[in-house]
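Taking it in order: structure first as structure tokens, then the write-up.
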Amino acid sequence: MLRFAPSPTGDMCVGTLRVALFNYICSIQRKEPLLIRIDDTDSERNIPGKEKEIFEILDLFGIQYQEQQLQSNNLRFHRAMALQLLQDKKAFNCFCTPEPIEAKRYDGACENLPAEEVIDNPLPFTIRLKKPNHPITVTDLIKGESTFTPDEIDSFVLMSAKKYPTYNFACAVDDMLYDVSLIIRGEEHLTDTPKQIAIHEALGYTKKVEYAHLPILMGETVSIKWLLEEGFLPEAISNYLILLGNKTPCEIFSLQEAIKWFDLRLLCKDPIHFDIEKLRAINREHLRGLNPKELSRYIGFADEEIGNLAKLFLEEASTLKELRVKVGAVFAPKNVPDEYKEEFERLRDLTLKAPHFDDYESYKTYLINLSGLQGENLLKPLRHLISGAESGPELADLYMFVKNYLKEVAK
RNA sequence: GGCCCCAUCAUCUAAUGGUUAGGAUUCCAGAUUUUCAUUCUGGCCAUAGGGGUUCGAAUCCCCUUGGGGUCACCA
């Protein structure tokens, strides 16, 4: 079992989606199920609705999973395990207030409190795990081996004074309960790992869990929702996120193709920068690969010709949003600069009165003959007339896909 | 600050002790298409610094510097 465990505390960002993607790929490669676990133990930070958004994004990106779980539903197990550890003397009640410990290492004051002092104590208390008596080595598929001393692991809190589990405890218990075999998560969790291993050891859980901690994605606060609104295709976003900090056989690929060759161990270990320019280039390639009808639907039409027209604009546009603007300008009322307003009007009148020309050359010849315009004086206003822009693709190419709408475009 | 990870153009990367240090994105210049944009061709741009090891180092070792992570009753 693999798991992806996001918190419903904000919009999903590119760094988080990358973790989801890698978990999905590895679950397919290893033929193991994938669990989506919503880590919602901090009820104060949870944002209603975010959980639904997470699942919608996973669906949109084609990340299939076999199980889903709300971490808060396992509260009874967390409490039962905490009790168990207390009984086994692997954990102890701690009556210290948070302030004195702040910023310093916990002094272990409550570790050896006599039973009567514990029982008589009216103060709120946390439950801490007794720090391990030996170093713990984490073996990571990407980072290699790291060893942590007992002092680094410390007697950390398992259950808060409100009797809710801390992240490390809930996480370790749930991973055990669901028999998770490989944990892929962000590098920020690397130092949590020895703590979670310590919990497993205290609980007598001996399964050897594999770990892979991904290097930080800098600028990772870019939200998926925003990228989607900007008109990036999910397949382009996943392409980019898999490409980043990775050695891939090619640059443009689908998620399904990546499953064939993806290897966690090839990921680079240093932090990487999210580069939206590169994403734009990749998005453009994916847009090019779409069939015209599909593309036209993405930008609000349902017509193969409009799709082909949009593909022309891919010379300068990289996102669906930009494409909508370009194609929209073709059909929108034209705002003509004074510089060639007169010529524009002349061409417009001629176009509205014109018969249908199947090819651009005939249309152009017709305009040259009746308007007396040529060269720049013809082409600049003509470009504006049929595209609503001052620059853009070849006029002959534009004409091919615009000719059936010519009267509408020129009106 | 302690501990840990990392280090090739601006960015993502290639080069597994022997290459002219390669590609992609960005940027710039020429070219071509009766306008522009595109496209094409070309160009700029890197082994962080210092010591070793070696016939030979981007590659192995050490130090320095720089970047990042972490040190919660958050996840």
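Letters go in sequence order (proteins before strands), and every chain restarts at 1. These figures come from a predicted structure and were not determined experimentally.
- Base pairing analysis places B:C71 opposite B:G1; the two distances defining the Watson-Crick or G-U wobble pair are each below 3.5 Å.
- Checked against B:A75, B:U11, B:A24, the side chain of A:H273 finds its nearest nucleotide in B:U11.
- When heavy atoms are screened at a 4.0 angstrom cut-off, A:C171 is found touching no nucleic acid atom at all.
- With no hydrogens or angles considered, no side-chain donor-acceptor pair links A:H384 and A:N335 at under 3.5 Å.
- Contacts of A:T41 with the nucleic acid, taken as non-hydrogen atoms under 4.0 Å apart, involve only primed sugar atoms and P, OP1 or OP2.
- As judged by a 4.0 angstrom heavy-atom cut-off over every strand, A:S160 is placed among the base-contacting residues.
- In this structure, A:M159 atom CE and B:C74 atom P are separated by 11 Å, rounded to whole Å.
- With hydrogens and angles ignored, a donor-acceptor pair under 3.5 angstrom links the side chain of A:D192 to the base of B:A75.
- At whole-Å resolution of the value, CG in A:L267 and P in B:G68 are 20 Å apart.
- Ring centroid separation for the pair A:Y24 and A:F4 does not come in under the 6.0 Å cut-off.
- Atom P of nucleotide B:C12 and atom CG of A:L243 are separated by 11 Å, given to the nearest angstrom.
- To the nearest whole angstrom, the two C1' atoms, one in B:G2 and one in B:C45, are 39 Å apart.
- Ring geometry for A:Y65 against A:F55 counts as tilted: the plane angle lies between 30° and 60°, on a 0 to 90° scale.
- Taking atom P in both B:A21 and B:U25, the straight-line distance is 22 Å, to the nearest Å.
- Between the C1' atoms of B:C63 and B:U53, the separation comes to 15 Å (whole Å).
- Residue contacts shown for A:K162 are absent, as no nucleic acid heavy atom lies under 4.0 Å away.
- Between the side chain of A:D303 and the main chain of A:E305, a donor-acceptor pair closer than 3.5 Å is present.
- Distance from the side chain of A:I216 is smallest to B:G68 among B:G68, B:A75, B:U13.
- If you find the closest nucleotide of RNA chain B to A:G245 and to A:D270, the one lying nearer the 5' end belongs to A:D270.
- Of the candidates B:A24, B:C73, B:C74, the closest approach to any side-chain atom of A:R45 belongs to B:C74.
- Nucleotides B:A58 and B:U20 are separated by 15 Å at their C1' atoms, to the nearest Å.
- Rounded to an integer number of Å, the gap from A:E251 CD to B:G23 C1' is 9 Å.
- Positionally, the nearest nucleotide of RNA chain B for A:E145 lies more toward the 5' end than for the other of A:E145 and A:Y240.
- When heavy atoms are screened at a 4.0 angstrom cut-off, A:T126 is found touching base atoms of the nucleic acid.
- Here B:G69 presents its P atom at 13 Å from CD1 of A:I272, a figure rounded to the nearest Å.
- Using a 4.0 Å cut-off between charged nitrogen and carboxylate oxygen, A:D140 and A:K143 do not count as a salt-bridge pair.
- Nucleic acid contact class of A:N246 (heavy atoms, under 4.0 Å, all strands): sugar-phosphate only.
- At distances below 3.5 Å, at least one donor-acceptor pair connects side-chain atoms of A:Q66 with backbone N or O atoms of A:L34.
- Atom CD of A:Q71 is separated from atom P of B:A75 by 8 Å (rounded to the nearest Å).
- By the 30° and 60° cut-offs, the orientation of the rings of A:Y363 relative to A:Y399 is parallel.
- Between B:A14 and B:A48, the distance separating the two P atoms is 15 Å to the nearest Å.
- Checking A:E201 against A:H134 by side-chain atom types alone, a donor-acceptor pair falls below 3.5 Å.
- Phosphate contact (OP1/OP2 of B:G69, side-chain N/O of A:H213, threshold under 4.0 Å): absent.
- For the C1' atoms, the distance from B:G42 to B:G67 is 35 Å, rounded to whole Å.
- In this pair, A:Y106 and A:F92 present their aromatic rings parallel. The plane angle is below 30°, not in the 30 to 60° band.
- Taking a pair to require two hydrogen-bonding distances under 3.5 Å in either a Watson-Crick or a G-U wobble arrangement, B:G18 pairs with B:C55.
- Whole-Å rounding puts the A:D140 CG to B:C6 C1' distance at 14 Å.
- Of all nucleotides listed (B:U25, B:G69, B:U13), B:G69 comes nearest to the side chain of A:E187.
- When the C1' atom is used for both B:A46 and B:G66, the distance is 16 Å, rounded to whole Å.
- Atom CG of A:D349 and atom CG of A:L370 lie 11.5 Å apart (nearest 0.5 Å).
- Ring pair A:F274/A:Y240: centre-to-centre distance below 6.0 Å.
- Within residues 317-329 of chain A, no residue approaches RNA chain B, by heavy-atom distance under 4.0 Å.
- Electrostatic pairing of A:R348 and A:E343 does not count as a salt bridge here, judged by no charged N lying under 4.0 Å from a carboxylate O.
- Across B:G51 and B:U13, the matching C1' atoms stand 29 Å from one another, rounded to whole Å.
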ask   = Taking protein heavy atoms under 4.0 Å as touching, what does nucleotides 27-41 of chain B look like 5' to 3' if B marks base contact, S marks sugar-phosphate-only contact and - marks none?
value = ------BBBBBS---

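- With rounding to whole Å, A:K143 atom NZ is found 11 Å from B:U70 atom P.
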